[in-house]
K.L.:
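Dropping the structure in here first, questions after.
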Amino acid sequence: MSAEALPDLSIVEAAVCEAVRRKDATGLRILGHGEISIVLGWPADQPVHALKRVPPFRSRALAEQYVGVVEHNLHLLRAANVPVWPTELHITERSDGSAVVFHRQPVADSAQLGTNVLRSAEPSSDHPLLVAIVRHAAAVVAPGVGFDVQAANWIWDGTDAHQLDFTSPFLLDHTGKDLRFDTSGFLSEYPALLRPVLKRELLKVIVRYTTAEGAIGDMVANLHKEGLDAWMDPAIEAARRDAGVVIDRAAATKMFEDDKKLMPLTLKLKKGQRWWVTHTGRHYETLLPERTTYDR
Ligand SMILES: Nc1ncnc2c1ncn2[C@@H]1O[C@H](COP(=O)(O)OP(=O)(O)OP(=O)(O)O)[C@@H](O)[C@H]1O
Ligand SMILES: [Mg+2]
């Protein structure tokens, strides 16, 4: 972990709440975002911390349960020899008894982000980043254990790939039909009536990540999303050769088409819910990105 002292997270939380209230992130430094988290650089003028805020939990106990699941996920990755980007979790309690979890990481060099590394290299199935990703994927996935190995989730240091995305641990409970932590904070971003349906749909997507075919297929689908189409066949070849996994390019493209329908719809629903919550005099909790990574 960086030697930098932990920033006062109640100040960060206040700044995020203010941006949520104004629906405007000006003043905050956004380092990136995926479908779930917005990644803040802190302090904004010269970031030394990358902070990922998880939607609030109703109680400290639920926040602790989530932290336990993330830590178990980190343990599973380390046990499978997957390098993990240094990550600390911190809980801040709020005056209403709810609790917010922040992931804190050192700020990564964006030139080392997997997607940027591929963008600046000649497509080849021998690229060591591709080889590392498919091997790490195959080493981790198991029934009930999903792994999101898309290129945007890795830092390539020239020798190995370090995973940096831990905000949504895809660990299923004993039923195989639910995550191991309380997802009501995540789900409360959506209109109440649609939550059960969305939960089912999102869980279907999560189950995809529990097999090597699904996780690597999703990585290939995301190459298409990133405009890295020239890397799709090399990635498919690396998966076959180095992980013994057969990926069908047409199936990966179909996965992308399905996600391209689902993900922007989920953001529209969140924005609709934000409108409803704020127009009924309540407090909306999440800083939403302007667009999804599918609308870029
Ligand atoms: N430590 C970091 N330093 C710099 N940039 C980062 C860091 N962590 C994440 N990012 C940027 O933010 C993007 C999104 O981060 P991350 O993958 O952790 O969140 P996410 O994809 O929203 O999570 P989830 O998969 O749970 O939806 C990354 O692809 C990267 O561009
Ligand atoms: Mg991510």
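Everything numeric here is computed off the predicted structure, so don't read it as measured data. Heavy-atom basis, side chains included; hydrogens, waters and symmetry copies ignored. Each ligand, and each atom within it, is numbered from 1 in the order the structure gives.
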K.L.:
Is the contact between S110 and ligand 1 made by the side chain, the backbone, both, or neither, using heavy atoms and a 4.0 Å cut-off?
P.N.:
neither
K.L.:
Would you mind listing which atoms of ligand 1 come within a distance below 4.0 Å of any non-hydrogen atom of D148?
P.N.:
25 (O)
K.L.:
Shortest non-hydrogen contact from S188 to Q273?
P.N.:
O-NE2, 3.8 Å
K.L.:
If I take atom CD from residue E201 and atom CG from residue L194, how far apart are they, to the nearest 0.5 angstrom?
P.N.:
11.0 Å
K.L.:
Just let me know how V39 lines up against ligand 1, side chain, backbone, both or neither, with a heavy-atom cut-off below 4.0 Å.
P.N.:
side chain
K.L.:
Just to verify, what does E93 make a salt bridge (charged side-chain N to carboxylate O under 4.0 Å, His left out) with, not counting sequence neighbours?
P.N.:
R60
K.L.:
Counting non-hydrogen protein atoms only, what is the nearest one to atom 29 (O) of ligand 1? Give residue, atom name and distance.
P.N.:
A152 O, 2.8 Å
K.L.:
Heavy-atom pairs closer than 4.0 Å: do any link ligand 1 to the side chain of T115, the backbone, both, or neither?
P.N.:
neither
K.L.:
Short list, please: which atoms of ligand 1 are under 4.0 Å from a heavy atom of A50?
P.N.:
1 (N), 2 (C), 3 (N)
K.L.:
Of the protein's non-hydrogen atoms, which lies at the shortest distance from atom 5 (N) of ligand 1, and what is that distance?
P.N.:
L31 CB, 4.0 Å
K.L.:
Does ligand 1 have a heavy atom under 4.0 Å from the side chain of W85, from its backbone, from both, or from neither?
P.N.:
side chain
K.L.:
Contact between H162 and W154 at the side-chain level, heavy atoms closer than 4.5 Å - yes or no?
P.N.:
no
K.L.:
Using a 4.0 Å heavy-atom threshold (strictly under), name the region of L113 that reaches ligand 1: side chain, backbone, both or neither.
P.N.:
side chain
K.L.:
Work out whether the distance between some heavy atom of G41 and some atom of ligand 1 is less than 4.0 Å.
P.N.:
no
K.L.:
With a 3.5 Å cut-off and sequence neighbours excluded, list the donor-acceptor pairs that the side chains of residues 133-151 form with protein atoms.
P.N.:
residue: H136; atom: NE2; partner: D160; partner atom: OD1; Å: 3.1
residue: D148; atom: OD1; partner: Q150; partner atom: N; Å: 3.3
residue: D148; atom: OD1; partner: Q150; partner atom: NE2; Å: 3.4
residue: D148; atom: OD1; partner: N153; partner atom: ND2; Å: 3.3
residue: D148; atom: OD2; partner: Q150; partner atom: NE2; Å: 3.3
residue: D148; atom: OD2; partner: N153; partner atom: ND2; Å: 3.3

K.L.:
Check for a donor-acceptor pair, side chain of T292 on one end and backbone N or O of Y294 on the other, with a separation under 3.5 Å.
P.N.:
yes
K.L.:
May I have the list of side-chain donor-acceptor pairs in residues 214-221 shorter than 3.5 Å, sequence neighbours left out?
P.N.:
residue: D218; atom: OD1; partner: R208; partner atom: NH1; Å: 2.8
residue: D218; atom: OD1; partner: Y209; partner atom: OH; Å: 3.3
residue: D218; atom: OD2; partner: Y209; partner atom: OH; Å: 3.4
residue: D218; atom: OD2; partner: N222; partner atom: ND2; Å: 3.0

K.L.:
How does K52 reach ligand 1, if at all, at less than 4.0 Å between non-hydrogen atoms: by side chain, backbone, both, or neither?
P.N.:
side chain
K.L.:
For atom 24 (P) of ligand 1, what's the nearest protein heavy-atom neighbour? Residue, atom name and distance, please.
P.N.:
D165 OD2, 3.4 Å
K.L.:
Got more than 12 heavy atoms from elsewhere within 6.0 Å of NZ, K271?
P.N.:
yes
K.L.:
Report, as a single number, the protein N, O or S atoms less than 2.8 Å from the Mg ion (ligand 2).
P.N.:
2
K.L.:
Under 6.0 Å from the CZ atom of R180, do we count more than 12 heavy atoms belonging to anything else shown?
P.N.:
yes
K.L.:
Return the residue, atom name and 0.1 Å-rounded distance of the protein heavy atom closest to atom 26 (O) of ligand 1.
P.N.:
S168 OG, 2.4 Å
K.L.:
Under 4.0 Å from any heavy atom of N153, which atoms of ligand 1 are there?
P.N.:
17 (O)
K.L.:
For atom 13 (C) of ligand 1, grab the closest protein heavy atom and report residue, atom and distance to one decimal in Å.
P.N.:
H33 N, 3.8 Å
